[in-house]
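Owing to the predicted nature of the structure, the values given are computational and were not obtained by experimental measurement.
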Amino acid sequence: MIRKNNPLFLKIVAIFFMSLYAAPGLAESPSNGWIVWATNREDNRHEIWMMKADGTGKTRLTTTNARMPAWSPDGRWISYETVPVGNTRVMRWDKSEDKQIFAGKPLFWMWDGSGIVCRVNDDFYLVNPDTGSNSLMFRKSDFSKASGKDLNPGGITVDGRWLVAHTNYYRNGGTGNNGEFNAYHAAAILDFNNTNDIWFFGSGCEPSTPPDSDWVYHVCGGTFCDTKPDVFRMKIADRASRSSYTAVMAHADDDWGHEYFPRVSTDGNWVVYGASDTDPEPYCHDHDPCNYEIFIHPLSGDNNNREQLTFNAQNDQWPHLYVGDLWGSDNPQLSVSPSSLSFGGVSGGANPNPKDVTVSNSGSGTLASVSINENAAWLNVAVSGSGNNQTLTNNVDIDGMSDGTYNTTVEVSCSNASNSPQNYSATLVISQQAILATIEVGGDCATILPNSSCDLTASAKDQFDAPFAAEIAWQASGGGSMNPQSSGASVTEHTSTFTSDGSQGDFIVTAQSGGVSGTTTIHVSSTALPLRINCGSNDYDVNGWERDDLFVSGGADWINPDTVDTSGVENAAPPDVYKSVRHASPHSFSFSIPDGSYLLRLHFADKYTGRSMNYFVEGQQILTNFDIASEVGINKALVKDFQVTISDGDGMQILAESDGDVFEAGLEILATVVEEPQPDGDGGQPQDGGPDGGDLPAADTTGDGGGDLPAADTNGDEGDQEIVVSGGCSGCASMQPSDSLVGLLGLVFLLGVLRRR
């Protein structure tokens with residue numbers, strides 16, 4: 001028998017559980033650090049992989065033979081080189097938007113965010129990762145000392161003045177600005193301000209620059225370093241004396257003897273590199289055949305404090321560390337709406353009316369000011385507003401233009417948006433004569449009470465979608481009357497009031513001029529039901545759906561630039577309902593409807609996961625920690641039905657709140673009859689209802705003749721059922737499966753030994 005206070009037993013148990021939960025990797029590594037590197041551990045060729053800075057979460061990113069990955073300074077792009085072609089490609093960390101941007105080898109990113117430097121022969125180009133546009137930056141022939149020599153640039157200092165490169169200029173003895181040296185490979189410093197200068201940095205190769213200082217780094221492999229090959233650095237200011245030239249790490253060479261490809265992290269606090277083992281002695285240098293592993297080293301503190309992050313017998317090389325939030329939902333994202341504009345005009349006539357494009361933020365944070373790139377002489381775009389609410393006013397000048405169709409694309413850029421740039425198109429049609437083409441009828445008249453009134457508008461437009469003056473005649477079918485407030489052939493925007501005669505039902509109102517007409521449907525009901533609300537922006541009016549302006553308090557409009565999938569969704573709203581939402585916490589709705597029993601139907605869609613939204617009706621919580629996309633996926637419509645009983649004479653009150661964001665695309669209030677639940681084969685539970693597969697709440701339990709609200713959900717499953725969590729450890733460090741198995745077998749064995757004692 002083992003006693004609980006047996007010291008040996010306690011020590012074994014402690015060691016065992018430490019073996020389960022001890023994480024490989026560096027405990028002090030940046031928690032928001034991400035390393036990309038290349039490895040040939042699969043498919044016998046190099047591919048790009050990514051892992052967290054503590055060595056966990058290894059994920060393969062490419063499948064087409066790639067190497068030399070590097071983060072852009074803002075973390076928006078990962079560049080890499082295709083093998084064996086040698087072109088430059090970029091992609092996002094999630095493998096999206098993978099594209100070739102340049103037919104040449106990638107070298108390094110500019111720390112000022114202006115782009116990536118790529119090479120074709122002896123010419124070096126600055127390439128924009130978003131558009132692929134490029135410009136010649138410098139040539140090898142610009143530097144006199146590079147003539148007839150190798151020149152392999154590894155970085156430019158953050159001030160843009162100093163270029164670091166490895167070269168064979170000193171191979172047979174070469175004289176630079178700081179003396180004569182002899183080194184087979186040498187790292188050198190060149191001056192863009194005086195291209196005749198060259199400064200010896202150190203013997204060895206792979207020089208690089210950090211983001212925020214005048215240090216330069218390289219691998220020292222010659223007689224100028226005490227340990228070799230190791231990572232050394234020096235201040236640019238000391239280029240003449242080399243007085244600050246020192247080892248970043250001073251490791252003995254009997255373990256991982258060849259430190260290679262050092263690069264400083266994007267925050268300037270870490271260096272990552274590959275190091276090879278000692279087979280063959282004294283170290284392996286020949287790249288692919290060698291067993292290189294990835295290491296991380298803090299640039300402050302002990303210069304022997306490094307940590308191994310990979311453990312694989314194949315070749316792991318070219319690491320680069322980005323520190324910060326990954327591109328995506330945690331960053332500002334540029335949303336431009338609409339995506340196309342149409343203008344029309346008559347030859348020799350007036351200019352078309354200006355049209356606005358709205359710039360908003362579909363991510364988090366705040367957008368910087370946007371900039372515009374457009375090259376059509378007939379279009380001028382003016383930017384107004386700031387932050388997440390900016391407007392692009394598009395003005396067209398047709399003076400002197402001939403008949404025809406003209407097209408252009410406007411590029412909208414934002415320096416801190418993860419998906420910048422975005423485009424919209426503009427089309428201009430010029431013809432001899434304008435004619436009436438459409439009449440659009442709108443207004444806040446989707447549902448009204450008997451004997452009440454509401455105002456309608458009718459907008460006449462020509463074939464160019466421009467306002468057109470025309471006489472309008474109004475008519476209401478089935479009952480009610482129309483009272484026009486504006487009319488006449490010179491009017492382009494007409495108004496009229498519809499007044500109910502007391503009868504209930506659906507009434508069609510028509511505005512007509514000649515053979516062109518527009519209609520809308522008005523529902524008249526004693527309870528003003530069904531009431532359908534299209535939440536968010538009024539850019540997407542939907543026939544039969546009210547705008548939310550008259551019913552909502554708080555929140556703001558947001559437009560979803562993506563298409564929401566409504567296929568197969570029972571009771572889905574029209575697609576345009578899902579194009580905008582009312583969002584921000586908190587916001588609330590109030591509906592003045594009589595006491596009674598109603599069916600409340602909420603419409604949702606989301607382009608991101610990870611929400612935690614809460615909804616309350618009449619003070620009762622109906623959704624807890626609700627995440628749309630986790631139920632149905634990204635940009636898929638989701639419909640939720642709830643039985644609601646009102647008995648306080650104050651109408652229906654709905655509250656939406658969250659620690660983060662909370663939003664809905666639409667809602668409906670429907671008259672309903674509550675029936676007793678029927679068994680559905682799952683143990684006498686209420687019948688399943690709604691596309692979410694959940695059960696409708698039980699019928700009336702209070703004796704008031706109406707249905708009751710479901711009980712408040714306490715665990716986020718919308719049914720107040722117990723959630724059982726099995727397997728895994730939230731927040732625990734990863735472990736090697738073989739290590740845990742060995743530990744477990746060892747514990748079983750030792751416990752057996754102790755029991756026999």
Donor-acceptor pair, distance only, cut-off 3.5 Å: does the side chain of Ser208 make one with the backbone of Pro262?
yes
Roughly how far apart are Asp316 CG and Thr39 OG1, rounded to 0.5 Å?
3.5 Å
Pairs touching residues 98-113 that satisfy salt bridge (charged side-chain N to carboxylate O under 4.0 Å, His left out), sequence neighbours left out
Glu81-Lys105, Arg89-Asp98
Could Asp122 and Lys140 be called an ion pair, given the rule that one side-chain N must be under 4.0 Å from one carboxylate O?
yes
Those residues at least two apart in sequence (or on a different chain) that pass side-chain hydrogen bond (donor to acceptor under 3.5 Å, both in side chains) with Asp123 are Arg139
Report yes if the side chains of Leu61 and Glu47 come closer than 4.5 Å at any heavy-atom pair, otherwise no.
no
Is there a donor in the side chain of His46 and an acceptor in the side chain of Asn65, or the other way round, less than 3.5 Å apart?
no
Flag side-chain contact, heavy atom, 4.5 Å: Pro106 against Tyr80:
no
For the pair Trp71 and Tyr322, name the ring-plane relationship: parallel under 30°, tilted 30 to 60°, perpendicular over 60°.
tilted
Contact summary for Ile48 and Ala38, nearest pair of heavy atoms:
CD1-CB, 4.2 Å
Any side-chain heavy atom of Met91 sitting closer than 4.5 Å to one from Trp77?
no
Please evaluate residues Asp54 and Ser29 with respect to the criterion side-chain hydrogen bond (donor to acceptor under 3.5 Å, both in side chains), reporting the C-alpha separation (whole Å), side-chain torsions for both, the decisive distance (0.1 Å), and the verdict.
CA-CA 6 Å; Asp54 62 1; Ser29 61; 5.3 Å; no
So His166 and His218, do their side chains get closer than 4.5 Å, heavy atoms only?
no
Against the six-membered ring of Tyr217, is Arg233 placed for a cation-pi contact (under 6.0 Å from the centre, within 45° of the normal)?
no
Nearest heavy atoms of Cys414 and Leu334, plus distance in Å
CB-CD1, 4.1 Å
Any heavy-atom pair between the side chains of Ser135 and Tyr125 that's under 4.5 Å?
no
Separation of Ile294 CD1 from Phe261 CZ (nearest 0.5 Å):
10.0 Å
Given the ring of Phe124, does Arg119 sit roughly above its face, with NZ or CZ under 6.0 Å from the centre of the six-membered ring and within 45° of the axis?
no
Will you find, in the side chains of Thr131 and Ser133, an N or O donor that is under 3.5 Å from an N or O acceptor?
yes
Solution key, residues 196-207 side-chain donor-acceptor pairs under 3.5 Å, sequence neighbours excluded:
{"unit_1": "Asn196", "atom_1": "OD1", "unit_2": "Ser144", "atom_2": "OG", "d": "3.0"}
{"unit_1": "Asp197", "atom_1": "OD1", "unit_2": "Asn177", "atom_2": "ND2", "d": "3.0"}
{"unit_1": "Ser203", "atom_1": "OG", "unit_2": "Gly222", "atom_2": "N", "d": "3.2"}

Short question: side chain of Arg76, backbone of Asn416 - any donor-acceptor pair under 3.5 Å?
no
Heavy-atom donor-acceptor pair, Thr209 side chain to Val216 backbone, under 3.5 Å
no
Under 3.5 Å, is there a donor-acceptor pair between the side chain of Asp142 and the main chain of Phe192?
no
Between Arg161 and Asp159 (salt bridge meaning N to carboxylate O under 4.0 Å), is one present in this structure?
no
Are any of the side-chain heavy atoms of Leu299 and Val271 separated by less than 4.5 Å?
yes
Exam field: side chain Lys58 to backbone Gly55, donor-acceptor pair closer than 3.5 Å
yes
Could you tell me whether the side chain of Met51 reaches within less than 4.5 Å of the side chain of Thr56, counting heavy atoms only?
no
Plane angle bin for Trp37 and Trp49 - parallel if under 30°, tilted between 30 and 60°, otherwise perpendicular:
tilted
Side chain of Glu293, backbone of Asn312: donor and acceptor closer than 3.5 Å?
yes
Main-chain N/O of Ala66 paired with Thr82 side-chain donor or acceptor, under 3.5 Å
no
Consider only side-chain N and O atoms of Asn40 and Asn315, and report whether a donor and an acceptor are under 3.5 Å apart.
no
Atom CG of Asp130 and atom OG of Ser72: how far apart are they, to the nearest 0.5 Å?
9.0 Å
Would Ser265 and Asp267 count as a side-chain hydrogen bond (donor to acceptor under 3.5 Å, both in side chains) if you check the C-alpha gap in whole Å, the side-chain angles of each, and the deciding distance to 0.1 Å?
CA-CA 5 Å; Ser265 62; Asp267 68 346; 2.5 Å; yes
Heavy-atom side-chain contact between Ile296 and Arg306 under 4.5 Å
no
